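Okay, so here's the structure we're looking at.
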Amino acid sequence: MGKHEWSAGETEVLANAVGRAPSVHNIQPWRLEFTDGEVAVHERTDVSLPYHDPEGKDRSISCGAAVANLEIAMWRLSLRPVMRILPDGTDSEVVARLSVEEKREPTEAELRRYSAIRRRRSYRRPFIGSPLPDDEVNRITAAADSATVHARRVRGRGEIDALADLLEYAGVVLKSDEGYQRELSVWTIQDEESRTYGAGVARSASPPTTLPWSGLPRPGTAIPDRQTLVERLGNEVVLVFVTETNDRIAHVRTGIAMQRVWLAAVERGFAAAVQTHPLHLPEARQRFVEKLALSGYPQLLMRVGRPFGTLPQSPRRPVTDVVGPD
């Protein structure tokens with residue numbers, strides 16, 4: 001077939017899907033460039049979190065999630081993409097290129113996965129019911145579909161103790177870290193009625209809460225006593241995403257795997273939330289790696305469970321801010 005020519009309707013569908021990908025502090029650090037037969041995902045280096053994410057690791061993970069959504073939306077449009085990660089080198093702002101090789105009607109499974117994009121939210125509240133059984137967890141993690149990113153459950157008293165150590169330490173440090181708190185405040189939207197478009201975390205999407213449910217520790221975040229925290233973690237499913245290397249391509253692939261797993265959970269009626277900030281603290285991360293005997297680099301933590309009630313959607317950039325040149 002000849003090179004695919006993009007219609008206005010197709011670019012809008014793809015941009016909307018990409019725009020709904022999760023990103024650190026909801027900064028949405030991506031831009032799409034459409035050429036004949038191909039769409040490129042660019043990482044926007046002008047959007048950054050110099051205090052929380054000085055090396056851009058979480059930004060690259062976020063762009064990986066956008067790539068996953070783009071691939072799924074292309075399926076929805078009956079376009080079969082071939083994905084190339086960092087095709088222009090590790091220093092290029094081009095995170096991925098997806099080229100159209102053929103056309104084929106989407107399967108029912110692909111349509112279900114696409115529909116989960118709109119329903120996905122970050123769930124920073126307690127889950128209800130008992131923890132998900134192993135068979136459900138295995139179905140969800142199988143969606144990672146990656147030979148280089150492994151999503152594994154934190155389980156057993158020793159591993160749960162190590163996770164409690166990590167979250168407790170991070171909570172104490174970040175609550176009192178003025179630089180972290182200033183940056184978080186800048187990216188927190190107070191007036192949600194007037195800010196229906198744009199970037200940033202809606203305050204209603206991150207209510208004041210306690211560990212382990214608080215994804216973004218604030219000065220008022222409560223840290224329970226150790227036994228309570230361990231008991232709460234024992235009643236949750238927490239996944240840790242581990243990579244063989246700790247370079248930019250590993251971060252992008254982590255984002256792709258993360259989003260695939262997240263959407264698989266949503267598709268099955270579950271909810272999830274992701275944390276990366278505890279793993280930014282070197283001393284705490286190293287203790288966590290040793291206690292879990294991890295053979296790679298932990299990139300993020302994901303809580304998965306049964307949600308209670310509906311959640312608000314943080315604002316999204318308009319399509320005109322996602323498609324086109326800088």
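Predicted model, so just to flag it, every value in this text is computed and none were measured. The analysis underlying the following values was restricted to heavy atoms, covering all of them including side chains, and did not include hydrogens, waters or symmetry mates.
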Quick one about [Y] and [X] (side-chain donor to acceptor, distance below 3.5 Å, no hydrogens or angles considered), yes or no?
X: T243; Y: T245; result: no
X: Q313; Y: R121; result: yes
X: E43; Y: T45; result: no

Less than 4.0 Å between a side-chain N and a carboxylate O, is that true for [Y] and [X]?
X: E93; Y: R31; result: yes
X: E71; Y: R113; result: no
X: R182; Y: D177; result: no
X: E136; Y: R306; result: no
X: R139; Y: D135; result: yes
X: D161; Y: K291; result: no
X: R80; Y: E102; result: no

Practice item. On the 0 to 90° scale, with breaks at 30° and 60°, tag the H25-Y180 ring pair as parallel, tilted or perpendicular. Key: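 Geometry flag for Y180 against H25: perpendicular rings.
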Review point. T11: what forms a side-chain contact (heavy atoms from CB on, under 4.5 Å) with it, not counting sequence neighbours?
Key: W6, F34
